[in-house]
Structure formats: structure tokens, C-alpha cells
Amino acid sequence: MGDLDVEAAATLVAAAADIALVVNVHGVIRDMACQSEDLQSALESHGPLLGQTFADTVTTESRAKVEALLRDAGDAESQRRQVNHPSNRGADVPILYSAIRLRSGPLVAVGRDLRPMAELQQRLVEAQQSMERDYTRLRHAETRYRLLFQMSPEPVLIVDTASQRVVEANPAAAQTFGEAGRRVIGRPLLEAFEADTVPAVQALLAGVRSAGRSDSTRARLVDSSRAVFVSASLFRQENASLFLVRLSQPERDGSSASEGKAKLLRFFERAPDGIVVTDRDGHVLAANPAFLDLAQLASEEQARGESLERWLGRSGVDLNVLVANLRQIGTVRLFATTLRGELGAQADVEISAAAVANGTDPCYGFTIRNVGRRLPTDMRAGREMPRSVDQLTELVGRVSLKELVREATDVVERLCIEAALELTGNNRASAAEMLGLSRQSLYVKLRRYGLADAADVGEAEE
């Protein structure tokens with residue numbers, strides 16, 4: 001390369017490097033070549049490099065490196081040095097230079113653009129810092145929960161779902177198990193309970209495994225025969241499923257909140273009246289077996305998620321009336337309607353309901369009582385006249401308007417005849433005259449409404 005002139009050397013170097021500078025003996029840049037316009041614009045953001053001394057184009061801390069680069073340049077390639085060029089477009093531009101002096105006197109500085117490597121290093125540093133922050137946050141969280149686990153006055157055990165052996169237990173759990181507390185870790189959980197309560201605990205764990213949650217159950221510890229309430233939840237850690245089992249002591253009066261909830265659930269299941277819980281739009285959330293019998297359903301899953309109006313007598317009317325009253329008043333009492341079963345059966349029912357606060361979304365509870373045996377059979381079928389206007393209004397929605405008008409006419413006619421008989425002292429002739437009827441017509445109507453005696457029947461036949 002020493003035999004090449006300046007132009008030939010610059011051309012050769014420019015083709016092989018990101019940047020090449022031709023510097024004269026006084027350190028002034030006489031020529032330059034860049035492979036990318038982006039690099040050239042970044043280097044010349046403060047002004048053109050041509051005509052300036054090499055040391056003036058770099059940052060203050062890099063000037064000593066440039067002076068050493070120019071001083072050590074000889075026939076062979078000098079030691080590489082990284083210098084930074086200032087830029088108005090953001091961070092400084094790092095360039096790795098090496099220099100070689102030509103026989104004709106000028107020096108050629110060949111540089112490699114280090115910005116891609118610097119960007120990669122910056123990303124690596126940011127990723128490392130992010131990992132450190134996450135690790136610190138997780139370590140602090142683990143410390144807090146570990147402290148909570150250890151200081152909790154309630155016995156807590158971590159149980160492996162596959163083997164049902166205790167993986168970890170807090171000091172309160174060890175104290176609850178008495179002398180066996182020292183060996184509770186690694187011990188099968190079911191061994192801690194008396195034999196007659198083991199099936200209840202097994203059912204609890206099976207429910208948690210299948211549904212992810214379950215209610216508490218009562219059990220007795222084998223070492224002390226002390227009664228405890230057992231509750232559990234499911235969680236995953238390091239690709240393994242674990243139970244979080246909590247043991248709570250019943251209150252001295254034997255009526256803890258958990259036991260009260262269990263009693264309410266048992267009542268819900270065994271109540272003779274249908275009980276349904278819906279969301280604010282009337283979609284079924286839960287239903288007891290009595291409602292399933294009324295609706296002729298095989299399982300609760302068939303009802304869950306369906307609108308309650310699917311089974312009410314007047315579709316689109318009854319549920320809207322019930323929900324509107326629940327939203328305004330909060331309760332509904334003795335709302336009369338009919339309930340249709342899936343297989344076509346119908347039953348006269350009375351519905352009472354209440355709104356239950358559930359955060360921002362309330363839910364509604366309905367009790368549905370079958371009153372078919374209480375109401376007269378003939379009234380339900382519409383074959384006999386109601387005895388009062390109140391009974392007549394109860395038929396709205398169950399029979400057609402034409403039948404209602406006929407029933408209303410019969411009610412008025414009967415009431416008028418009874419009033420006339422009362423006013424005339426049960427004198428049939430005077431009552432007929434008061435009503436504007438012939439005696440024969442009056443006797444026919446008395447017999448029709450079941451008000452005639454044997455004498456009236458005889459006179460009517462004559």
C-alpha cells in the first residue's frame with residue numbers, strides 16, 4: 001500500500017471500511033469517504049469534516065486517542081482506537097479507527113461504525129436491568145407472602161394434589177396438630193383427620209380439583225378430636241398443582257360463619273319451595289331441586305344461564321314486572337302466575353323475591369311456591385264463577401278476555417240477585433219485581449248459581 005498514491009489508497013480503503021479519512025501531516029482532513037449517507041450526515045451534523053483538524057471533529061475525551069493514533073501511525077496498521085464524534089441527532093457517533101501512513105506523507109484513517117454494536121449493548125443493559133428489577137420485585141413479594149404465611153394465626157398447609165401429602169405448613173398448623181406437628185411435612189393430609197370425617201375432606205378436595213373452588217366442611221383432628229372447619233383452594237406453581245388448605249376453629253357457641261353458610265346451603269337444597277337466584281337480567285345463576293321438579297328439568301346445568309321467563313306463564317310480562325319492582329322497591333311478595341314445565345305441565349304458583357347486593361352487580365333471589373292445591377280446581381279451569389272480584393282479577397293472564405267478561409257478567413248478576421233477596425227478606429216475587437225479571441227467569445238464575453232451594457226448583461218446573 002506504500003506504493004499507492006493518495007487517491008488510489010483512499011478509493012481502496014473506502015470500499016473496505018465504513019469511513020475513511022485522508023489526513024495530511026498537519027492532522028487536517030483533506031478527503032473522506034463514507035459507505036452510507038446516514039453515517040456521513042451524523043458525522044457532519046456540526047459541520048463538514050473536510051478542512052478541519054482530525055482532533056477538532058471528536059469529543060473532548062477522544063482527542064488524546066486521536067493524537068495517539070496519528071503519532072503511532074506508520075507503514076503498518078496502528079493499534080485500533082475507539083473515538084466518539086459529537087452529533088446533533090442524539091448520542092455521539094462511536095467509530096473504531098486504525099491508521100496507516102503512506103510513503104507520500106498523508107495518513108489514511110480507516111473506521112468502523114460501532115453504532116449497531118452500541119445499540120445492541122444498550123438493549124442488553126436494559127434487558128439486564130429489567131430482569132434485575134423483576135427479580136427484586138418477586139423477591140420482595142415472596143418475602144411479604146412468606147412473612148404473612150408464617151405469622152398467620154390460622155393454620156395453613158400447602159398440599160400436593162397428586163399425592164395429597166403436605167408440602168409446607170406454617171407454625172400455626174404445626175401447633176394445631178400438637179406433637180404430630182413436628183412431622184406434618186411429608187405426611188398425608190387425610191391422616192390428620194379422624195376416620196369418620198375423612199370422606200367429607202376427600203369430597204372437599206375432589207370438588208376443588210374439578211371446579212377450582214369449594215365450600216368448607218367440618219372435620220375432627222385425629223390427635224386431639226378437636227373440631228375444625230376445612231377449606232381449600234387450588235393454585236399452580238412451577239407446572240404443579242397444589243392445594244392451599246386452611247383450618248379454622250369453630251366459635252365457642254358452635255355457630256361460626258362457615259357453619260351458618262353451610263346450613264343456608266343445606267336449606268337451599270332441601271327447601272320444598274322452588275328457589276332460584278338470577279343476575280340483574282333474570283338469567284339463572286343457581287336453582288334448587290324443588291324448582292327443577294316444577295320446571296321438569298333433570299339437572300341444574302339445564303337451567304343455569306337461561307332466562308327465568310322461559311318457565312313463567314306470561315312470557316315477556318311476568319319477569320319484567322318482577323325485575324322492575326325489585327329494582328325500585330327491593331322486594332316482591334305473593335306475585336301470582338303460572339309456571340310451565342319443559343314437558344308441558346303447568347302449575348299455579350306464588351312468587352316472592354328480593355334483591356341481594358353483590359358489589360356493583362346485584363342478584364335476585366326468587367322463592368316459587370306451588371299453590372295449585374290451595375286454589376279451587378274449578379276456579380283454575382274456569383268452569384265455575386268466582387265468588388269475588390278479587391278472585392276474578394287473579395284470572396287475568398290465565399284466561400282470555402272473552403271468558404273474563406263472561407265471568408264478570410256472572411259475578412255482577414249473582415251479586416245483584418243476592419242483594420235483592422236480602423232486601424226483600426228472601427221474597428222471590430218481590431225480588432223478581434225489583435230486578436225486572438219474571439219469577440220463572442229468577443228461579444232459572446237461582447238454580448244456575450246454586451242459590452235455589454227445593455221449593456224454588458218446584459215452582460220453576462211448574
Side-chain angles (χ1 to χ4, degrees), residues 1-140:
M1 183 173 290
D3 296 331
L4 296 176
D5 57 14
V6 174
E7 289 79 5
T11 302
L12 178 63
V13 172
D18 293 327
I19 182 173
L21 302 176
V22 178
V23 183
N24 63 15
V25 294
H26 302 292
V28 179
I29 300 175
R30 307 306 303 171
D31 197 3
M32 66 174 292
C34 288
Q35 282 197 350
S36 68
E37 294 181 0
D38 177 66
L39 176 60
Q40 183 171 353
S41 61
L43 292 173
E44 294 185 338
S45 60
H46 279 283
L49 300 183
L50 296 180
Q52 297 190 53
T53 59
F54 192 3
D56 292 339
T57 63
V58 299
T59 58
T60 303
E61 69 275 6
S62 298
R63 289 186 176 182
K65 297 180 181 180
V66 171
E67 294 173 357
L69 183 70
L70 298 177
R71 183 177 60 252
D72 297 341
D75 294 338
E77 183 181 7
S78 64
Q79 180 183 356
R80 295 184 178 184
R81 302 179 186 273
Q82 177 182 337
V83 301
N84 296 323
H85 292 270
S87 175
N88 290 336
R89 297 172 55 182
D92 297 339
V93 182
I95 303 293
L96 182 65
Y97 283 106
S98 61
I100 186 171
R101 188 175 298 278
L102 304 178
R103 289 185 178 180
S104 55
L107 177 145
V108 177
V110 180
R112 178 182 297 174
D113 187 3
L114 297 182
R115 287 181 301 171
M117 184 178 297
E119 183 179 356
L120 184 61
Q121 290 175 341
Q122 181 64 29
R123 290 181 180 179
L124 181 61
V125 171
E126 291 175 355
Q128 182 67 26
Q129 291 176 345
S130 177
M131 291 177 61
E132 290 290 340
R133 287 193 297 269
D134 291 342
Y135 174 75
T136 302
R137 188 162 50 247
L138 289 174
R139 186 174 57 191
H140 289 169

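No experiment lies behind these values; they were computed from the predicted model shown.
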For the residue pair [X] and [Y], establish whether any side-chain heavy-atom pair is separated by less than 4.5 Å.
X: V83; Y: R63; answer: no
X: V28; Y: V23; answer: no
X: L124; Y: L120; answer: no
X: V125; Y: Q129; answer: yes
X: F54; Y: L69; answer: yes

I95 and side-chain contact (heavy atoms from CB on, under 4.5 Å): which single residue from L114, V110, D113 fits?
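Answer after filtering L114, V110, D113: D113.
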Could you grab the distance from atom [atom1] of [X] to atom [atom2] of [Y], nearest 0.5 Å is fine?
X: T57; Y: I29; atom1: OG1; atom2: CD1; result: 4.5 Å
X: D18; Y: R115; atom1: CG; atom2: CZ; result: 9.0 Å
X: M117; Y: L96; atom1: CE; atom2: CG; result: 8.5 Å
X: H85; Y: E44; atom1: NE2; atom2: CD; result: 11.0 Å

Checking R137 now: which residues fulfil side-chain contact (heavy atoms from CB on, under 4.5 Å) with it, not counting sequence neighbours?
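By the side-chain contact (heavy atoms from CB on, under 4.5 Å) rule, R137 matches D134.
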Mind checking what makes side-chain contact (heavy atoms from CB on, under 4.5 Å) contact with E61, not counting sequence neighbours?
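For E61, the residues satisfying side-chain contact (heavy atoms from CB on, under 4.5 Å) (neighbours in sequence not counted) are T59, N84.
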